[in-house]
Amino acid sequence: MQQQPTKGSSRDQFVSKVGFIFAAAGSAIGLGNIWRFPYLAGKNGGGAFVLFYLICVIVLGFGLMLAEFVIGRHTQLSSVDAFKKLDKRFTFVGGMGVLAAFIIMGYYPVVGGWSVAYIFKTILGQLSTDAAIMGDVFGSLVTGILSPIFWTAIYMLANIVIVAKGISSGIEKASKVMIPTLLGLLAILVIRSLTLPGSIEGLKYLFLPDFSKITGEVMMAALGQAFFSLSLGMGCMITYSSYLSKKENLVQNATIVPVLDTAIALLAGVVIIPATVSFGFDLGQGPGLVFVTVPAIFATMGPVLGRVFGIIFFLLLTLAALTSSLSLLEVVVSYLIDNKNWERKKAVGFSSVILFLICIAASLSMGVWSDFHLLGMNIFDFLDWLANNILLPLGGMFITLFVGWFWGKDKVKAEVTNGGEINFSLFNVWIFLCRWVIPIIIGLVLLSGIGII
Ligand code: PFF
């Protein structure tokens with residue numbers, strides 16, 4: 001975002017249309033696509049999970065993203081204040097979003113730290129197609145005490161510096177380079193993965209749904225992943241679109257961002273799942289999947305080429321993670337600035353210290369604290385589950401209910417069509433989605449996910 005000298009407005013705005021798309025896509029595209037999507041698909045039965053995930057993205061993703069864009073651009077405020085202005089009864093939705101951002105930032109930097117560590121592991125040539133060796137490399141990193149905390153600290157520091165300086169234009173620029181490069185590298189890796197012996201079986205696993213695998217828990221995981229991956233349900237997209245000019249076409253933006261995000265997730269799946277099958281690694285191994293399989297793919301490319309590609313890959317993964325976690329930290333920080341009247345530096349300093357302590361607990365819960373359980377999960381998994389499977393869907397449900405029922409159809413229509421300038425023929429369909437389809441799907445999935453129906 002850069003200062004734009006517009007009449008009567010002192011608020012920053014995105015200079016160009018692509019600037020906004022890349023910033024929003026930068027928030028959406030992150031560890032969720034490359035780390036979380038493939039391992040959830042592997043763990044939750046492949047095709048059935050992917051199919052339900054795609055349904056969630058198409059039906060909920062587009063509808064909710066548009067709802068968030070409309071709220072943000074209309075109020076030109078970040079989420080808590082936006083709801084305060086529009087309807088005080090919904091202020092808690094903004095608050096829930098800040099809490100979700102806080103919880104996600106309590107473990108996201110741990111994975112960001114693993115990614116930084118792997119840049120160095122790749123430089124040192126710790127690549128092998130042997131499952132036992134790659135499993136050991138990952139295991140000894142995450143179950144360690146000081147080493148993962150050290151890498152988390154490095155990753156966290158990058159976030160702190162950028163958010164403390166408020167360099168949002170940097171986010172825009174970084175994303176513009178990162179996203180096309182990531183797409184290019186993933187395309188190369190898709191070819192490598194699909195030419196490995198036996199990889200077709202992995203492709204079948206990923207895309208042929210076995211409906212017997214669809215359970216309440218699998219649906220809940222897919223729904224949570226759609227929210228997480230698209231950065232929805234917690235007001236992040238409300239805040240980003242509050243910087244968007246009144247001339248932009250919101251419908252178009254709400255289509256392009258989910259398409260880009262889903263393309264990257266699917267490409268990551270097509271790289272990782274077939275290669276995992278080809279190497280004979282365990283598909284259901286969970287959070288380690290990308291860190292075990294991807295280095296093995298690079299190992300097949302030879303010591304020099306493998307290393308070069310490996311370094312680029314983990315650099316890109318770190319950068320993608322960074323553009324996402326910046327948006328998460330910004331949600332927490334802007335809440336403290338706007339509502340507690342704190343200075344930016346104080347807000348960043350205070351929240352980062354607490355978040356870092358939570359990250360330490362999350363990191364240790366993969367190793368020495370792994371016996372400590374909350375609802376049967378270690379701290380890391382519990383934070384991930386609470387934010388993505390519960391808070392984000394609940395937030396999304398209330399946001400769409402607000403837009404569908406409480407805001408007023410005429411006002412919504414005026415904002416989404418730029419005062420009648422844009423023709424949005426599916427307006428009534430979208431309102432119907434917000435009123436009924438999205439809240440009901442979320443409600444049913446939540447109930448079945450926690451085992452009530
Ligand atoms: N969408 C990000 C990812 O896929 O890694 C994570 C995220 C960022 C979630 C921002 C929520 C959010 F508000």
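When reading the values below, keep in mind they use all heavy atoms of this one structure, side chains included, and skip hydrogens, waters and symmetry mates. In listed order, ligands and their atoms are each counted from 1.
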Do [X] and [Y] have side chains that approach each other closer than 4.5 Å (heavy atoms only, starting at C-beta)?
{"X": "I450", "Y": "M220", "answer": "yes"}
{"X": "L386", "Y": "L374", "answer": "no"}
{"X": "Y118", "Y": "T318", "answer": "no"}

Considering only non-hydrogen protein atoms, determine which one is nearest to [atom] and report residue, atom name and distance to 0.1 Å.
{"atom": "atom 13 (F) of ligand 1", "value": "M234 SD, 2.9 Å"}
{"atom": "atom 10 (C) of ligand 1", "value": "S231 OG, 3.2 Å"}
{"atom": "atom 6 (C) of ligand 1", "value": "F228 O, 3.6 Å"}
{"atom": "atom 2 (C) of ligand 1", "value": "S27 O, 3.3 Å"}
{"atom": "atom 5 (O) of ligand 1", "value": "Y108 OH, 2.5 Å"}

Residue [X] vicinity, atoms of ligand 1 by number, heavy atom under 4.0 Å:
{"X": "S229", "result": "1 (N), 4 (O)"}
{"X": "G30", "result": "3 (C), 4 (O), 5 (O)"}
{"X": "C236", "result": "13 (F)"}
{"X": "L31", "result": "5 (O)"}

Check the pair V331, V98 against side chain to side chain contact (heavy atoms under 4.5 Å, CB included), reporting the backbone distance first and the verdict last.
CA-CA 6 Å; V331 170; V98 176; 4.2 Å; yes

Between ligand 1 and [X], is the shortest N or O to N or O distance under 3.5 Å?
{"X": "L328", "value": "no"}
{"X": "L392", "value": "no"}
{"X": "L232", "value": "no"}

Within residues 18-40 or reaching into it, pairs that qualify as salt bridge (charged side-chain N to carboxylate O under 4.0 Å, His left out) - sequence neighbours excluded:
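Listed by first then second residue: R36-D384.
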
Single hit among W436, F90, F398 for ring-ring contact (aromatic ring centres under 6.0 Å, His included) with W405
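Among W436, F90, F398, the one meeting ring-ring contact (aromatic ring centres under 6.0 Å, His included) with W405 is W436.
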
Here's a test for you: under ring-ring contact (aromatic ring centres under 6.0 Å, His included), which of F102, Y335, W342, F356 qualifies with F350?
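Of the listed residues F102, Y335, W342, F356, the ring-ring contact (aromatic ring centres under 6.0 Å, His included) partner of F350 is W342.
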
With a cutoff of 4.0 Å, is W35 in contact with ligand 1, counting heavy atoms of the residue only?
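No, that is not the case, since the closest heavy atom of the residue is not under 4.0 Å from the ligand.
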
Would you say the side-chain atoms of R73 pair up with the backbone N or O of E248, donor to acceptor, closer than 3.5 Å?
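Confirmed, R73 side chain pairs with E248 backbone.
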
Of S324, A28, A100, which has the heavy atom at the shortest distance from atom 4 (O) of ligand 1?
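Comparing heavy atoms across S324, A28, A100, the nearest one to atom 4 (O) of ligand 1 lies in A28.
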
Tell me if the aromatic rings of F69 and F20 count as close, with their centers under 6.0 Å from one another.
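Ring centroids of F69 and F20 are less than 6.0 Å from each other.
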
